[in-house]
Undergrad: 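Have a look at this one before I ask anything.
Only a predicted model underlies this, so the values are computations on that prediction, with no experimental measurement involved. Numbers restart at 1 for each chain; the letters A, B, ... are given by sequence-line order, proteins then strands.
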Amino acid sequence: MKSDSFFEQVYQLIATIPPGKVATYGQIAVLLGRPQAAKMVGWALHQLPEHRSRPWHRVINRKGAISYDSKNSGQSLQKYLLEAEGVKFDAHDRVDLKKYQHIFQNT
DNA sequence: CGTATGACGAGCC
DNA sequence: AGGCTCGCCATAC
């Protein structure tokens, strides 16, 4: 797009995550070449315009848990969306990254 | 242009 | 094993 900013790259990268899969902020940050800019990824979704519908719900933190605790709202929604795609949450509301973490292949 | 932010990560206790 | 603190880096104002 006109914007090849870090944010835009995040949007396009998460857009490649297939349903039923998830990715961590840090993972995406690493893929974009900024392993320590995980916060930027989260912030990118924070600034994500709703009219540009993106599978932001497939992006979770390193613990496999849903974040979005800043406003403390929307967590249930994200969990709901993921469950709808077949992602199971454990008693700690965390997903099994070993099973659901999407492996980005740049081949 | 400079300061503060922020949906995180890793380390330390 | 679980919780708290510090640090990173690009974007926003």
Undergrad: Considering heavy-atom distances to DNA chain C, does A/H92 or A/F7 have its closest nucleotide positioned more toward the 5' end?
TA: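 Between the two, 5'-proximity favours A/H92.
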
Undergrad: Applying side-chain hydrogen bond (donor to acceptor under 3.5 Å, both in side chains), can you list everything that pairs with A/E83, at least two apart in sequence or on another chain?
TA: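 Scan of A/E83 (side-chain hydrogen bond (donor to acceptor under 3.5 Å, both in side chains), adjacent residues dropped) gives none.
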
Undergrad: Show me the pairs that pass side-chain hydrogen bond (donor to acceptor under 3.5 Å, both in side chains) and involve residues 30-44 of chain A, at least two apart or across chains.
TA: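 Checked against side-chain hydrogen bond (donor to acceptor under 3.5 Å, both in side chains) - neighbours excluded - no pair reaches residues 30-44 of chain A.
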
Undergrad: Using the side-chain hydrogen bond (donor to acceptor under 3.5 Å, both in side chains) criterion, which residues pair with A/K98? Sequence neighbours excluded.
TA: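 Listed in chain order: A/D96.
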
Undergrad: Search all heavy atoms of A/Q78 against all heavy atoms of A/W56 and return the closest pair with its distance.
TA: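 Closest heavy-atom pair between A/Q78 and A/W56: NE2-O, 3.6 Å.
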
Undergrad: Using the closest heavy atom to pick a nucleotide of DNA chain C for each, name whichever of A/Q36 or A/W43 lands nearer the 5' end.
TA: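 Residue closer to the 5' terminus by nearest nucleotide: A/Q36.
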
Undergrad: Would you please name every residue forming a ring-ring contact (aromatic ring centres under 6.0 Å, His included) with A/H102, sequence neighbours left out?
TA: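 Testing A/H102 for ring-ring contact (aromatic ring centres under 6.0 Å, His included), a comparison that skips the adjacent residues, returns A/F104.
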
Undergrad: Going through the distances and angles, do A/I60 and A/L82 end up as a side-chain contact (heavy atoms from CB on, under 4.5 Å)?
TA: CA-CA 10 Å; A/I60 58 183; A/L82 289 174; 4.3 Å; yes

Undergrad: So which pairs with a foot in residues 19-33 of chain A pass side-chain hydrogen bond (donor to acceptor under 3.5 Å, both in side chains), sequence neighbours left out?
TA: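 Counting only pairs at least two positions apart or across chains, the side-chain hydrogen bond (donor to acceptor under 3.5 Å, both in side chains) contacts touching residues 19-33 of chain A are A/Q27-A/Q101.
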
Undergrad: Show every salt bridge (Lys or Arg N to Asp or Glu O under 4.0 Å) that has at least one partner inside residues 57-67 of chain A, sequence neighbours left out.
TA: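 Listed once each, the pairs are A/R58-A/E85.
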
Undergrad: Write out a two-atom table: protein N or O, nucleotide N or O from nucleotides 9-13 of chain B, distance below 3.5 Å.
TA:
| from | atom 1 | to | atom 2 | distance (Å) |
| --- | --- | --- | --- | --- |
| B/dG9 | OP1 | A/G26 | N | 3.2 |
| B/dG9 | OP1 | A/R62 | N | 3.2 |
| B/dG9 | OP2 | A/R62 | N | 2.8 |

Undergrad: Please identify the 5'-most and 3'-most nucleotides of DNA chain C with any atom under 4.0 angstrom from a heavy atom of chain A.
TA: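 So the contact region on DNA chain C extends C/dG7 to C/dT11.
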
